[in-house]
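The structure appears right after this line, and notes come after that.
All values reported here derive from a predicted model rather than from experimental measurement.
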Amino acid sequence: MTTTPLPPVVDRTTYLHERAALLDREKAHTRTGDALAAARRRLPMTEVDATAPLDGAAGRVTLLDAFEGRTQLFASYHMWHTGHAAADQCEGCTFFSGGVGELGYLHSRGVTYAALCQGPYPESSRYRDFMGWEMPWYSVPEESWDPLDARGFFGGKVCYVRDGDRVFETYRTTGRGVEPMSASYGILDMTVYGRQEAWEDSPEGWPRRAGGEGSQFRSEESPTTNHRAGVSGRPTAQWSRIAAGRDDDLGSDHAPATDHCCH
């Protein structure tokens, strides 16, 4: 028997009636999302410097190079704490980057996905390797922050389109606007206890993950043994890598963490 509260139990006819009523609201929500996406496609665009330098596996390249010859680029601006240990890196960016796997469908639509990281390439790319991510990875040197309007924006996402050798920004978002990247959130939103975050409107007694801002992305121990969260723990996705014996040494002297990502 569980001590966690549960929804009321009803017969199946009553359940299906209530489910059908909610389905009407879900369909309206989907249509609203479709209308927003249609408006997003009609936004004006603004030109950015196609020659803004980036550092990648092949050395110094440009923003235009990051398109890999495709028409569009989805840039995930990954926050980085230079000199900090892997356990102290941005929990929100780790969470959302971890939700990106198969890129073939994006490529079939002419879209390249790339992470544009705030930190130095040798250090941040070791984090990418530790996490086992395969997406293209670049470092954004500080000289490119202003041309790309990225100063203070790491953690956000930007969509670009190119016209020949010219590059234009068509959309950007941050905060909860990046949630479509997370399949985990979409799945949790369909479950009875939801995301278990403090802000959610849930019935009295529903489970909550205690902790401050960002704690939803961190856990004190492996989530297979401990479901509590706290900002002093590692980003949750790191635990499976540690269990697999991967090296999380980023090759730098570790400074103490002073803040965490605010997604």
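- Between the side chain of D163 and the backbone N or O of R166, no donor-acceptor pair lies under 3.5 Å.
- Around atom CG of D165, no more than 12 heavy atoms belonging to other residues, nucleotides or ligands sit under 6.0 Å away.
- Side-chain heavy-atom separations under 4.5 angstrom define the hydrophobic clusters, and the remaining members of the one that includes Y15 are V10, L16.
- By the neighbour-count criterion of 12 heavy atoms within 6.0 Å, atom CD of E200 is densely surrounded, having more than that number from other residues, nucleotides or ligands.
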Inset, instruction - Starting from the C-alpha separation in whole Å, work towards a yes-or-no answer on side-chain contact (heavy atoms from CB on, under 4.5 Å) for M131 and Q238. - result: CA-CA 7 Å; M131 294 302 298; Q238 291 185 8; 3.8 Å; yes
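- Residue M181 comes nearest to S76 through the heavy atom pair CE-OG, 4.4 Å, listed as atom of the first residue, atom of the second, then distance.
- The ring pair (Phe, Tyr, Trp, His ring centres under 6.0 Å) test applied to Y127 returns W80, W133, not counting sequence neighbours.
- Side-chain atoms of R195 and D189, non-hydrogen and from C-beta on, do get closer than 4.5 Å to each other.
- Using a 4.5 Å heavy-atom cutoff, the side chains of L54 and V140 are in contact.
- When V161, L43, V158 are each tested for a side-chain contact (heavy atoms from CB on, under 4.5 Å) with T170, only one passes: V161.
- Residues S219 and W239 form a side-chain contact, since some pair of their non-hydrogen atoms from C-beta on lies under 4.5 Å apart.
- For the pair R126 and F130, the cation does not sit on the ring face, since its NZ or CZ is not both under 6.0 Å from the ring centre and inside 45° of the axis.
- The two atoms that bring A50 and T62 nearest to each other are O-CB, 3.5 Å, heavy atoms only.
- Interatomic distance, Y193 OH to L188 CG, rounded to the nearest 0.5 Å: 13.5 Å.
- Between D248 and R241, every side-chain heavy-atom pair lies at or beyond the 4.5 Å cut-off.
- In terms of heavy atoms, R209 sits closest to S215 at NH2-O, 4.2 Å.
- Counting heavy atoms from C-beta on, the side chains of E123 and S139 never come closer than 4.5 Å.
- R218 places a side-chain N or O within 3.5 Å of a backbone atom of A87 that can act as its donor or acceptor partner.
- Annotation: the span from S97 atom OG to Y113 atom OH amounts to 4.5 Å, rounded to 0.5 Å.
- The salt bridge (Lys or Arg N to Asp or Glu O under 4.0 Å) check on D149 picks up R172, with sequence neighbours excluded.
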Inset, instruction - Step by step, work out the side-chain contact (heavy atoms from CB on, under 4.5 Å) result for C90 and F154. - result: CA-CA 10 Å; C90 179; F154 287 91; over 6 Å; no
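- We find that R60 and E143 are joined by a salt bridge, their nearest charged nitrogen and carboxylate oxygen being less than 4.0 Å apart.
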Inset, instruction - Start with the C-alpha gap between D88 and H81, add the side-chain angles, then the distance that decides, and say whether side-chain contact (heavy atoms from CB on, under 4.5 Å) holds. - result: CA-CA 8 Å; D88 294 325; H81 304 307; 5.7 Å; no
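- The shortest side-chain heavy-atom distance between P136 and E68 falls under the 4.5 Å cut-off.
- Looking only at distances, a side-chain donor or acceptor of W206 sits under 3.5 Å from a matching main-chain atom of V192.
- Across every non-hydrogen atom of A52 and S144, the tightest pair is C-OG, 3.8 Å.
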Inset, instruction - With side-chain contact (heavy atoms from CB on, under 4.5 Å) as the test, would you mind laying out the steps for T173 and V178 before giving the verdict? - result: CA-CA 7 Å; T173 189; V178 308; 4.2 Å; yes
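- Hydrophobic cluster membership differs between M45 and L148, with clusters built from Ile, Leu, Val, Met, Phe, Trp and Tyr side chains linked at under 4.5 angstrom.
- Two residues are said to be in side-chain contact when any heavy atoms from C-beta on lie closer than 4.5 Å; Q216 and Y185 meet this criterion.
- At least one donor-acceptor pair closer than 3.5 Å links the side chain of R162 to the backbone N or O of R70.
- Smallest separation of non-hydrogen atoms from Y138 and A114: CE1-CB, 3.9 Å.
- A continuous path of ILVMFWY side-chain contacts below 4.5 Å connects I242 to L250, so both sit in one hydrophobic cluster.
- Side-chain atoms of S124 and Q89, non-hydrogen and from C-beta on, never get closer than 4.5 Å to each other.
- Closest approach of S182 to F96, counting heavy atoms only: CB-CE2, 3.8 Å.
- Around atom NE2 of H107, more than 12 heavy atoms belonging to other residues, nucleotides or ligands sit under 6.0 Å away.
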